[in-house]
Amino acid sequence: MKSKINSLAEYFKEYEKSINDPEKFWEGIANEFIWRKKWDKVLEYEFNTPKISWFKNSKLNITENIFERQLDNISNKTAIIWEPNNPEEDVIKISYKELYKKTCQFSNAMESNGVKKGDRVVIYMPMVPEAAIAMLSCARIGAIHSIVFAGFSSNALADRINDCNAKMVLTSDGNFRGTKNIPVKSVVDDALDNCKSVSKVIVLKRTGEKINMINGRDLWWHEVIENQSSEHEAASLDSEDMLFILYTSGSTGKPKGVVHTNAGYMVYTYYSFLNVFQYNKEDIYWCTADIGWITGHSYIVYGPLLAGATTLMFEGVPTFPDAGRFWEIVDKHKVNQFYTAPTAIRALQAYGLEYVKPYSLDSLSVIGSVGEPINEEAWHWYHDNIGKGKCPLVDTWWQTETGGIMISPLAGITPNKPAHASLPLPGIQPVLVDSEGKELEGNNVEGNLCIKFPWPSILRTTYGDHKRCKETYFSTYSNMYFTGDGAKRDHDGYIRILGRVDDVINVSGHRMGTAEVENAINENSKVIESAVVGFPHEIKGQGIYAFAICQKNDNDTVKTLEEEIKLTVRSIIGPIATPETVQIVSGLPKTRSGKIMRRILRKVASKDVSDLGDISTLLNPKVVEDIIKGAGL
Ligand code: PRX
């Protein structure tokens, strides 16, 4: 754990080194890994195309760095602790040696079924150890995994499978979530009706649900691994070969496939994990994210395993059997570092302290937050009642596109300031800019958050559409990566993230594009036009509010139309995108050039119409009155 920073003074020193000579800095960390061939050049980049290479022309395998590099020392150490949905069911502990064998075995099984280096494999699975094994096996072969969160609908799954032309899908019969037994395989079956590229589906038996297996296409996981060797030579991959694609929503059109590559992602997730959480050799670390999001990729699987950590994976939900489940798990496994999302904190806070009180939480030494701004009230509740006032709280700001944590306290090192992501990690050069892209220097400034220099785990492209990558992230401001977030640097130089400045809504830490939800709503044949905005939501951070102009049939009531629209969204995207409120309207406020005035809709959705600004220039000012009335304000 050579790269671990131990004091604030050391952090400042390392930060300075990383800025003065980034190549030397990152080379020092990269030297902790094993490489089949070392790089010709640490960094080559230009942000215009964009074209970014880290550790150029080197050869490696990330799983060789998880297993072969560490096995001599931690062979019998627990790599994954798996806590099932039902607390009555047995916990599974998998050692590094066992995980290595299972990974090799499944790599062989995938290869026997036609998967080769460069092929795309979509993973649509619950939170079970096999999901991590699936990722690692892809990485071992050099196949590119693309995990789709198992809450997305068959339409959304099909879109992603088609976008990356996946050859194989890995899934399960079902998914236990609380009291529910959610079908998974049937969603895959529906999706595959519209996907021609997939030739094989491997199905893990988890719930024992009766499912339909298609001859020649569908195979059981336990059967494909039978008789497979538990040795598999890791493929020698180029530093810039793709490791994975992860789809995420933006302000326009369909979700895009964010691409991460092997070497840079490996170096950065390892380094950030070690330093932000201050992981110690014997610690038990738990991140509650789902493996279908970037947090699960970087901080359940790759970062912790590269650091030789014991990482806990939880199958269930925070409220089953009751709202004390997280805390019960912390005590049961003596968790040291606990990393979750503000939406979970707020939800558990609402259940009350009686669900926390039965647990000691003594093992905790670090608590963390990710996914959305954490409001001060939730920050204090978390800090005081879960961290017992003694655990540093790391409010970690980052994105699917950044691959790893960018701005965050280092636990116990950077002084905590509620609701502030605080300071950048070494190697990260954030800047605040005004609308013209002029850098705002000094403290006490507020602007759009950009990063002006590459870091090893920056996205390289958006799959199949490099132009979109350039337009979304590198064209708003020249020579900088634009995050889409607004931020403030306070009088101490600490950064506070203010939230998205584009048309992205952050619902319970999940990104939804307004255009994406509108497109889904418009699939309902009764909808003529729609507009979607976000509004502050006590638990979810933001909720989705949809306005829709509809053509009513005689049997429709406003209520049935609203419900129908919600159902349409659920089936096109999935339950996470369901609007909290649907308001049927006669028109939408538009400028004379026909642009929807979302500002007004946001005010209505937030139930604050005291100051709507000048609406006289609207094409149809009368409609505003109707909308306000319709909203019951
Ligand atoms: O708006 C920021 C918010 O989540 C967005 C990234 O979402 P996603 O790619 O899904 O990744 C989430 C997990 C890394 C950001 O643009 N966000 C993330 N972390 C924070 C945050 N906002 C405020 N504070 C955070 N700690």
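Remember, it's 1-based here, ligands and their atoms both numbered in the order they're listed.
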Report the residues that fulfil side-chain contact (heavy atoms from CB on, under 4.5 Å) with N479, sequence neighbours left out, ordered by chain and then residue number.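 Partners of N479 by the side-chain contact (heavy atoms from CB on, under 4.5 Å) criterion, ordered by chain and then number, come out as F47.
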Under 4.0 Å from ligand 1 - residues by heavy atom, chain and number: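 Lining ligand 1: I294, T295, V370, G371, E372, P373, D395, T396, W397, W398, Q399, T400, D485, I497, R500, N506, R511.
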Evaluate the ring planes of Y265 and H260, with Trp represented by its six-membered ring, and classify them as parallel (under 30°), tilted (30 to 60°) or perpendicular (over 60°).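 Plane angle between 30° and 60°, so tilted.
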Which class fits the ring pair Y481 and Y473: parallel under 30°, tilted 30 to 60°, perpendicular over 60°?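 Because their plane-to-plane angle is under 30°, the rings of Y481 and Y473 count as parallel.
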Donor-acceptor list for residues 427-442 side chains, cut-off 3.5 Å, not counting sequence neighbours:
unit_1, atom_1, unit_2, atom_2, d
D434, OD1, E436, N, 2.9
D434, OD1, G437, N, 3.1
D434, OD1, K438, N, 2.9

Would the F338 and F326 ring centres measure less than 6.0 Å apart?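 Centroid separation for F338 and F326: below 6.0 Å.
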Please collect all ring pair (Phe, Tyr, Trp, His ring centres under 6.0 Å) contacts where either partner lies in residues 364-392, sequence neighbours excluded, each pair once.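 The answer is W379-H383.
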